[in-house]
Amino acid sequence: MSTDVDTGLPPRATRREWLGLAVLGLPTMLIAMDLTVLHLALPTLTADLRPGNTELLWIVDVYGFLIAGFLIPMGAIGDRIGRRRLLLIGAVAFGVASVLSAFATSPAMLIGARALLGIAGATLMPSTLSLIRVMFQDPKQQGAAIGAWTGFFGLGTVIGPLVGGAFLELFWWGAVFLIGVPVMALLLVLGPVLLPEFRDRSVARPDLVSAVMSVLGMLALIFGLKRIVQDGLGPESVLPIVAGLVLAVLFVHRQGRLTQPLVDLKLFRNSLFGTALGMLVLATLLSAGLQFLVMQYLQLVRGLAPVQAGLWSLPITLGVMVGAMGGPALAGRVKLSNLLAGGLVVSALGMLLLSRVSGPSDLFLAVGGTAVLGLGLGPMISLGTGLIVGAAPPERAGAASALASTGPELGSALGVALIGSIGFAVYRSDLAGRLPEGLSARDADAAKDTLGGAVDTARGLPADLADGLLAVARDSFVQGLRTTAVVGAVLAVLLAAAAAVLLRNARMPGPPPAEEADGETAGDAAGEADGEAKPLEKVDN
């Protein structure tokens with residue numbers, strides 16, 4: 001980095017920092033790819049492993065839930081042991097977990113492997129954002145770097161369906177997980193060369209009790225909500241929800257008592273910080289949940305091959321990319337609250353288009369509606385991340401970046417869990433009274449469990465019976481998609497109104513204090529002047 005000492009301007013990034021940004025884009029891109037390729041692999045995965053509806057949702061969900069649950073403790077660990085070191089450790093773990101996922105032989109084994117993949121992924125996201133925070137201190141460069149980071153995520157969602165579709169055409173479903181292995185190997189080679197090391201020596205060991213409470217509380221809440229959607233209110237759904245809420249309250253109480261908490265509750269005293277984080281979660285919830293259903297529509301209702309589905313998903317991911325990259329460009333010309341509220345209204349229009357899908361012939365309507373949805377939510381994703389990261393002091397960059405990363409990951413997992421569960425509930429309810437006569441009880445149960453189960457069951461039936469089952473199963477799935485789209489449109493409008501009111505005085509944060517000047521951080525210089533220890537340490541390569 002170059003520093004203007006005479007004027008006191010924050011240091012500007014050099015070529016090395018920009019090359020380092022490209023390296024940091026590798027794990028960011030991979031995490032997005034891992035989600036999209038799994039959606040493509042679901043039909044063949046379902047036919048091979050035959051997971052039930054609940055197992056299928058956990059296969060998709062557990063990765064995002066454990067990323068969200070472990071992001072905050074991993075951010076604190078990165079502050080303590082070194083952010084680059086944690087990134088490289090996570091790269092090794094992610095590669096190993098990818099291999100285990102690829103060769104899973106049962107739904108339970110795949111859920112376990114995906115859980116390990118989520119924990120490994122939680123080491124990558126906060127490390128990338130926190131390193132960007134300290135590598136790019138000039139406000140314009142930092143905004144461009146965060147926008148590029150968002151772009152890498154979007155690029156992963158674009159590349160994922162194409163590469164994943166090609167892999168599914170040539171190999172078995174598990175091969176899609178092996179895509180991450182060479183990417184992580186490249187990160188291990190280039191990371192030590194191009195990335196600096198930063199650590200905060202004042203950070204205590206992460207509180208293990210808090211980490212366990214946060215993960216168990218989240219999983220209990222989601223499990224209970226899923227049981228309500230699947231079986232209605234009852235002891236099996238209410239008790240986990242109560243347990244999750246109790247753990248959440250105890251977690252917050254514990255954070256308030258700790259000298260160095262896992263979650264710095266003081267950050268939430270800034271209403272802008274808390275509002276941006278909450279809206280980021282809700283925006284990604286809507287996007288991920290509906291995209292999850294649309295990807296199944298493309299393959300199981302429309303009947304597209306994986307490569308074709310990957311190609312038809314390009315407008316969807318491009319919509320998210322254009323919105324995420326265009327948001328920061330418009331932020332200087334349009335009032336922030338108006339920009340975010342307008343984007344949410346656009347996303348609601350996209351969901352209304354989805355609500356008009358009536359069957360396999362409405363391919364353009366389904367793809368176009370989801371592309372408009374992504375276009376509208378993109379500004380919230382990129383600008384919300386910038387608000388959260390920019391509001392934190394440099395020495396808490398890891399923890400703040402973990403929260404900024406937790407929002408989208410938690411929203412994505414919740415979207416698949418809640419929106420997906422609602423869609424499946426409508427599917428089962430609608431299909432129950434429409435099954436053709438002549439189905440055995442076993443075939444009827446398999447068809448009612450998931451649309452993938454219905455498609456697989458139809459392969460072993462006489463032609464007339466198979467055609468009848470496929471027709472009603474696909475129509476019931478479309479009814480679930482339409483219902484969730486209407487629910488999502490209403491939520492998006494409410495969120496737009498909240499953005500217009502709660503963020504009416506919001507501004508993008510100004511430049512952070514310089515962390516590095518002539519080889520030392522600004523905090524170090526101040527600490528030496530006062531005779532204090534230097535908390536934020538830059539470690540040379």
Side-chain angles (χ1 to χ4, degrees), residues 25-51 55-56 59-60 63 91 94-107 109-114 116-117 120-121 152-189 291-318 321 360 363 366-367 450-460 470:
L26 293 175
T28 305
M29 185 171 59
L30 178 62
I31 289 174
M33 289 176 61
D34 194 69
L35 181 60
T36 55
V37 298
L38 178 63
H39 289 174
L40 276 177
L42 284 179
T44 52
L45 183 157
T46 301
D48 186 18
L49 298 184
R50 295 182 178 274
E55 289 176 320
L56 183 63
I59 288 172
V60 178
Y63 172 71
F94 199 94
V96 172
S98 295
V99 173
L100 293 175
S101 298
F103 293 99
T105 56
S106 68
M109 182 178 176
L110 182 56
I111 291 171
R114 289 276 292 169
L116 293 176
L117 201 63
F152 277 116
F153 193 89
L155 182 62
T157 62
V158 172
I159 295 175
L162 298 178
V163 177
F167 270 55
L168 288 169
E169 288 289 333
L170 297 173
F171 309 107
W172 87 113
W173 59 264
V176 300
F177 293 108
L178 299 179
I179 297 171
V181 177
V183 176
M184 291 295 99
L186 187 60
L187 175 61
L188 289 171
V189 172
Q291 285 189 43
F292 169 69
L293 295 176
V294 169
M295 291 299 290
Q296 294 193 69
Y297 167 88
L298 293 176
Q299 294 186 80
L300 297 177
V301 176
R302 178 70 181 187
L304 299 178
V307 170
Q308 294 174 312
L311 290 172
W312 278 104
S313 69
L314 284 179
I316 301 171
T317 53
L318 287 174
M321 282 189 67
L363 174 63
V367 173
T450 64
L451 178 58
V455 172
D456 188 53
T457 298
R459 295 192 181 102
L470 288 176

To the nearest 0.5 Å, what is the distance between OG (Ser98) and CG (Leu178)? 7.5 Å
Interatomic distance, CG@Leu49 vs OG1@Thr105, rounded to 0.5 Å, equals 8.0 Å
According to side-chain hydrogen bond (donor to acceptor under 3.5 Å, both in side chains), does anything in residues 177-187 pair up with another residue at least two apart or in another chain? List the pairs. none
Which residues pass the side-chain contact (heavy atoms from CB on, under 4.5 Å) test with Ile179, sequence neighbours left out? Met33, Val37, Val163, Phe167
Measuring from atom CD1 of Ile59 to atom CG of Leu110, what distance do you get when rounded to the nearest 0.5 angstrom? 4.5 Å
Among residues at least two apart in sequence or on other chains, which ones pass side-chain contact (heavy atoms from CB on, under 4.5 Å) with Leu470? Val455, Ala458, Arg474
Hey, what do you get for CE (Met109) to CD1 (Ile111), rounding to the nearest 0.5 Å? 12.5 Å
Of all heavy-atom pairs between Gly95 and Met184, which one has the smallest distance, and what is that distance? N-CG, 4.3 Å
Exercise: identify the closest heavy-atom pair between Phe94 and Leu117: O-CD1, 3.5 Å
Does Thr457 have any side-chain contact (heavy atoms from CB on, under 4.5 Å) partners at least two apart in sequence or in another chain, and if so, which? Asp443, Ala446, Leu461, Leu469
Closest approach of Ala113 and Ser101, non-hydrogen atoms and distance? CB-OG, 3.4 Å
Got a sec, which pairs hit side-chain hydrogen bond (donor to acceptor under 3.5 Å, both in side chains) with one end in residues 172-186, sequence neighbours left out? Asp48-Trp173
Leu116 side chain reached by Val96 side chain, heavy atoms, under 4.5 Å: no
